[in-house]
Amino acid sequence: VQGSGRCAALFELSDRSGDAQESVRRLRAAMAAADDGEACAAIALGSMGSAASAAVPELLDRTVAAAPSLRAAALAALADIAPGSPEVAEALRRGLRDGDWTVRAEAVAALGRNPQVPGARSLAIAAAGDSSLGVRTAAFQTLDRLVPSDTEVVDVWRKIVAQRGHAGRFIAARRLAASGIRSQAAGKALLAALRDGQPFERAAAARALRSIPCTTAGCLRAISTAARDPGIQVRVEAVQALVPFGAEGAQTLGNVLRVERSSEVRITAMRALGEMGPSAAPAIPGLIALLTDPVDTYYAQQALAAIGATAVPALRELALRRASTEPQTDGRLAALTSLSYINTPEARAALDEYRRRTPAGK
Amino acid sequence: MNLRRALPILACVCGTALLSAHPATACGPFFEYPAFTFATHPDFPLDPFAGGKLGILQPGYGTTYLVVAYRYLSGVGLDEASRRTAIDTWKDHFNGASSEGEPPVKQWQRQRLEVAGIAPLPPIQTHRREENWITYSNCLDDAFRNASRTLAQRIDTFGADNPHVAAWVKAQDRVFANCSGGPSIPEPAADDAPPLLRADRAYQIAAAHFYAGDLDEAEPLFRAIAADPSSPWRALSTYIVARVLIRAQRLDAAEAQLQYVLADPSLASLHDAAQRLLGLVRFRLHPEDRALELGSALAAPSLGSTFRQDLSDYSRLIQDPFGDDLSAWIAAFRQSAPNAIETWQKKRTLPWLIAALSVVPIEDPRLDELLAAARAVAHDSPGYLTVAYHRFRLLAAAGRREEARQRLDSLLATGGTTAPPSSRNLLLWLRASMARDLDDFLDYAPQTPVGIIDGEGEERMVPKQRVGWDEAGYARFDVTSDLDNDLPPDFDDSTKAALELLPVRALKRAGQHRGLAPNLRGRILPIAWTRAVLVDDDANARALYPLLLESNPELKPALDAYGRARSREERHFTAVLALLRAPGLSPVFNDRQGLPLTEIDNYRRNWWCGMGVVTPDDTAPLFLGDRDLKAARLESAKLATFAPNFLAGEVLAWGRAHRDDPLVPEALHQAVRSTRYGCIDASTGKLSQAAFRLLHRRYPKSEWTARTPYWFN
């Protein structure tokens with residue numbers, strides 16, 4: 001079969017043929033033809049596992065072929081056909097140094113299926129710091145396979161976290177955070193990441209700190225600083241990381257509302273305050289100030305409603321201020337809406353007072 | 001994270017009917033977006049799905065589709081009659097149940113005029129409203145069909161001029177007056193009326209009580225007719241008694257009556273109807289038993305005449321698995337239940353293989369076993385595409401990307417070409433997600449939309465399949481015709497997100513990718529150029545300029561000053577002016593539904609709403625190297641501002657320093673306009689005011705000043 005159906009026919013040989021040896025013979029012949037089906041033949045042989053062991057020599061040859069896709073296919077196949085072979089182990093090590101990221105990613109993934117390769121874990125840890133995102137991602141998956149024990153994998157992540165300059169350092173720290181493990185080392189690595197030169201790393205660290213969560217005074221200081229970061233996304237993540245700090249976090253968020261120029265950050269901060277509920281009371285002045293902003297007012301109202309009764313006096317004051325002269329766009333309407341959301345006896349009394357004082361139609 | 005606030009979308013403009021050539025269906029505006037994969041139903045036409053060409057099954061499919069899929073996956077499929085039934089059911093779902101041709105109520109009103117002395121009637125209202133504002137369909141189509149048929153027979157027998165026939169029609173008019181009003185009960189037949197018409201009148205009186213809701217009166221009257229061997233209405237009345245009991249909410253008695261009907265061979269003509277009604281009664285009386293019964297019936301090799309009713313009942317009843325395999329499978333597939341893997345291990349059936357493949361995590365020790373089972377599924381199996389899709393997805397996720405790529409390429413080159421469009425798009429998306437490099441990514445990224453998603457998120461068909469509008473103003477679709485899809489190729493949201501992560505130099509390369517359709521190059525190049533301007537990458541902005549004019553010639557007037565600029569600073573200012581003149585220009589995809597780049601969108605979908613610093617390890621295409629990632633991060637940090645703030649700020653800075661530049665008045669006007677139509681924050685008003693003041697103070701006689709009467713806060 002030629003053309004587009006060629007690979008399909010080769011896969012059919014490995015997937016559904018009854019006679020394994022005949023399939024191997026035909027697949028080796030297909031590989032020898034050195035045409036566009038070569039990589040497919042290598043993959044098909046790999047699918048047959050140890051039944052295709054006769055093809056190991058020519059597959060080893062293909063690990064240094066010119067086409068990266070053929071090198072990658074051959075490495076993957078070898079890892080499935082002859083996992084214990086020293087030649088395969090050497091080919092995988094060579095593959096990890098390949099100039100093409102797809103080959104390195106395939107090699108590190110194959111390493112996960114060949115735990116007996118000497119130094120497999122160290123090789124994977126090194127690959128987790130690869131310059132290619134695809135290789136790093138594959139390496140972390142391989143580490144998961146190579147290190148099935150939770151305790152050990154945490155140790156591996158910690159080991160990576162401890163290596164300054166390792167490109168996977170912050171990924172490992174974030175994994176520690178995401179796994180819910182209260183790791184001091186991870187916390188430290190993430191706090192260090194908040195000072196990284198890359199805004200992306202700082203943002204990711206702030207996000208990870210939300211899931212640890214770190215609530216020490218040192219963390220509060222570091223996250224409060226991140227809430228003033230020049231990068232918007234860092235600030236967005238940082239203001240959310242302030243939620244577990246309760247009133248102290250709300251104090252910082254109130255300051256953020258006063259100075260923040262990005263409405264994305266302000267809105268996120270207001271949502272965070274809403275999440276905190278009554279403990280967000282220190283941010284009430286900041287929220288009240290935003291009731292006059294055409295965009296922010298909705299989110300400020302929601303946050304004030306979540307804070308509840310504590311917000312009533314300030315809202316009442318705004319609602320009644322200059323009630324007879326100013327138009328409703330000065331925030332009074334928003335204050336009234338917030339009071340109606342809160343709906344406690346005090347809030348209802350404030351609304352009644354407004355109605356009594358305000359002439360009909362004003 | 002990009003802040004894309006849909007600022008104006010919530011406005012409700014119920015008066016659109018006044019402006020529209022077709023009936024308004026709802027408040028709006030509701031924007032329509034291309035759909036690349038239907039998630040709640042298969043592709044159109046639905047006939048191939050009913051015939052077993054299932055494509056890649058989606059867990060969000062409606063129950064009736066999953067029932068049909070399960071039957072094919074289990075090897076029993078559908079016979080021709082059942083296929084037609086399934087298609088009709090789906091057709092009704094999309095268009096509402098309706099009969100072909102003249103509505104029976106209108107047919108009755110026309111036919112009654114054939115009788116001498118009968119005057120036309122105002123339209124008959126078939127719905128009845130209760131005191132609690134509940135409205136229900138009181139007189140069904142069959143009632144009018146029955147009346148028309150009987151009248152035709154009576155005219156044949158007695159003649160259209162017979163006064164007894166006229167009396168018959170008047171009595172029937174009183175019967176139907178109860179559909180929405182009443183009570184209006186016909187008088188008993190005259191003594192001299194023929195016996196047949198006297199029997200008819202007894203039935204009409206009973207029916208009038210029934211429609212008037214006087215069920216205590218209706219029941220004995222129908223029972224009396226059912227007991228009268230001489231009445232032509234004996235058989236039907238036996239069945240109608242059950243309907244009376246159902247309306248009276250005496251379901252136990254109705255169940256017994258229907259079983260009585262089914263047990264009587266002389267009532268065989270009513271057995272199908274009675275069976276369907278019994279299903280309804282059991283649905284209410286014994287929902288769990290009925291669900292189990294339906295689950296078994298719908299999975300059985302042979303389907304009966306109640307298939308349609310069963311499908312309908314089943315799709316209303318299924319909430320939790322009831323114990324039968326079909327219900328358990330639907331629940332597991334829909335809810336991505338992890339126990340699907342154990343069930344597959346026990347049952348080893350194709351439906352459960354699919355459910356298991358769709359949930360198995362890559363670290364699960366049973367993954368290899370599942371992949372081996374998936375490999376054995378034959379190409380001609382109805383489940384092949386679903387199995388292959390999950391298999392390749394899992395292979396890639398487990399790090400076997402080269403195998404996944406090669407196998408997917410092979411499938412796309414062979415079977416993928418005949419796959420349903422939604423499935424083909426899923427395969428393309430999967431292949432793009434494992435791209436080796438940018439070119440490889442762009443080879444697979446474009447997809448052909450399969451339809452549109454309206455503002456409420458409901459999937460609809462492409463406009464060509466909209467064949468008309470029903471009386472209530474809802475679009476009617478032809479779900480059985482060939483998909484005549486003329487929507488151009490486009491990028492789905494994940495592809496757009498991936499492209500937005502690219503640095504300028506990669507975007508420039510993407511915009512020149514030879515395999516890309518012109519309309520897609522025309523979407524990438526404006527983004528690349530805008531971004532180059534925003535990050536002050538003069539070299540790439542200049543290099544992109546001719547490409548941009550070629551892909552988007554409508555931008556020539558907006559960019560004329562940029563083309564003439566001589567210094568880097570002048571180029572930057574004229575680029576800012578070009579951005580102001582062309583509100584469709586943005587560093588990110590800005591979906592404006594075909595609105596020209598140079599036109600203002602009144603719903604504020606203009607320019608951009610700020611870009612955050614992205615987190616590439618979560619979302620970036622794997623082929624991006626650290627060099628590109630670093631460049632992208634640095635660039636995106638510079639894009640973190642709302643368009644009006646950036647543009648007005650740049651114009652003010654240039655304008656203050658270049659008093660005599662003839663372009664400044666226009667730029668100031670455009671800057672003020674941007675604060676009206678772009679994304680704003682608390683600082684925008686001040687910039688708007690500053691631009692307004694500079695324009696009015698310094699250029700009081702300029703035409704641009706005259707065109708700028710306000711600033712915006």
Side-chain angles (χ1 to χ4, degrees), chain A residues 3-8 10-12 14-16 39-40 43 46-47 68-69 72-73 75-76 100-102 105-106 108-110 112 131-134 136-138 141-142 144-145 167 171 174 198-200 202-204 207 230-234 236 261-264 266-267 290 293-296, chain B residues 1-3 5 7 362-363 372 375-379 397-403 405-407 409-415 417 434 436-437 609-618 620-627 629-630 632-634 636-637 640-642 645 679-683 685 713:
Chain A
S4 62
R6 177 144 174 77
C7 278
L10 294 172
F11 293 140
E12 192 69 18
S14 68
D15 293 354
R16 271 172 288 278
C40 294
I43 286 165
S47 301
S69 60
L75 280 175
D100 187 281
W101 80 269
T102 61
E106 204 68 38
V108 76
S131 62
S132 157
L133 182 62
R136 287 204 292 272
T137 307
Q141 279 173 1
T142 289
D144 290 341
R145 292 187 76 150
I171 300 178
R174 288 196 294 274
Q198 293 294 328
F200 135 73
R202 299 199 299 276
R207 182 187 295 179
I232 285 189
Q233 190 68 24
V234 184
V236 163
R261 287 171 64 88
S262 157
S263 67
E264 183 175 6
R266 285 199 309 277
I267 288 168
L290 291 179
D293 183 287
V295 179
D296 291 346
Chain B
M1 184 197 301
N2 298 332
L3 182 64
R5 299 200 325 245
L7 288 171
I362 53 163
E363 63 273 13
R375 221 174 80 183
V377 174
H379 291 245
R400 295 172 181 269
R401 289 207 181 81
E402 196 54 46
E403 178 175 357
R405 280 185 205 111
Q406 296 284 355
R407 287 186 180 270
D409 286 349
S410 167
L411 176 60
L412 280 165
T414 53
T417 53
M434 54 181 87
R436 298 181 179 97
D437 52 36
C609 289
M611 287 185 66
V613 177
V614 293
T615 53
D617 70 332
D618 293 334
L622 293 177
F623 59 78
L624 281 185
D626 279 358
R627 192 164 153 261
L629 285 174
K630 190 175 172 185
R633 289 172 202 149
L634 291 173
S636 61
T641 175
F642 283 0
N645 296 0
C679 284
I680 57 167
D681 65 10
S683 56
N713 191 4

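Residue numbering restarts at 1 for every chain, and letters A, B, ... go by the order of the sequence lines.
Within the 3.5 Å criterion, the main-chain N or O of A/Ala110 finds no donor-acceptor partner in the side chain of B/Arg400. Within the 3.5 Å criterion, the main-chain N or O of B/Leu624 finds no donor-acceptor partner in the side chain of A/Trp101. At least one donor-acceptor pair under 3.5 Å links the side chain of B/Ser410 to the backbone N or O of A/Ala8.
Annotation: maximal heavy-atom pairing with chain B below 4.5 Å, among A/Asp144, A/Ile43, A/Leu10, occurs at A/Ile43. Taking chain A as the reference chain and counting heavy-atom pairs below 4.5 Å, the highest number among B/Glu363, B/Gln406, B/Arg375 is found for B/Arg375. Counting heavy-atom pairs closer than 4.5 Å to chain A, the top-ranked of the candidates B/Met434, B/Arg627, B/His379, B/Arg405 is B/His379. Your options are A/Ser132, A/Ala72, A/Ser131, and the one with the most heavy-atom pairs under 4.5 Å with chain B is A/Ser131.
Only the backbone of B/Ala397 comes within contact range of chain A, judged by heavy atoms closer than 4.5 Å. Within the 4.5 angstrom heavy-atom criterion, atoms from both the backbone and the side chain of B/Glu403 approach chain A.
Annotation: the span from B/Leu622 atom CG to A/Thr102 atom OG1 amounts to 11.5 Å, rounded to 0.5 Å. Going from atom CZ of A/Arg261 over to atom CZ of B/Phe642 covers 11.5 Å, rounded to the nearest 0.5 Å. How far OG of A/Ser69 is from CZ of B/Arg401: 15.5 Å, rounded to the nearest 0.5 Å. Separation of atoms CG (B/Asn645) and OG (A/Ser262) is listed at 10.0 Å; rounding is to 0.5 Å. Here CD1 of B/Ile362 is found 8.0 Å from CZ of A/Arg145. Values are rounded to the nearest 0.5 Å.
With hydrogens and angles left out, the side-chain atoms of A/Ser47 and B/Arg407 include a donor and acceptor closer than 3.5 Å.
Nearest heavy-atom pair, B/Ala398 versus A/Gln141, reported as atom, atom and distance to 0.1 Å: C-OE1, 4.1 Å.
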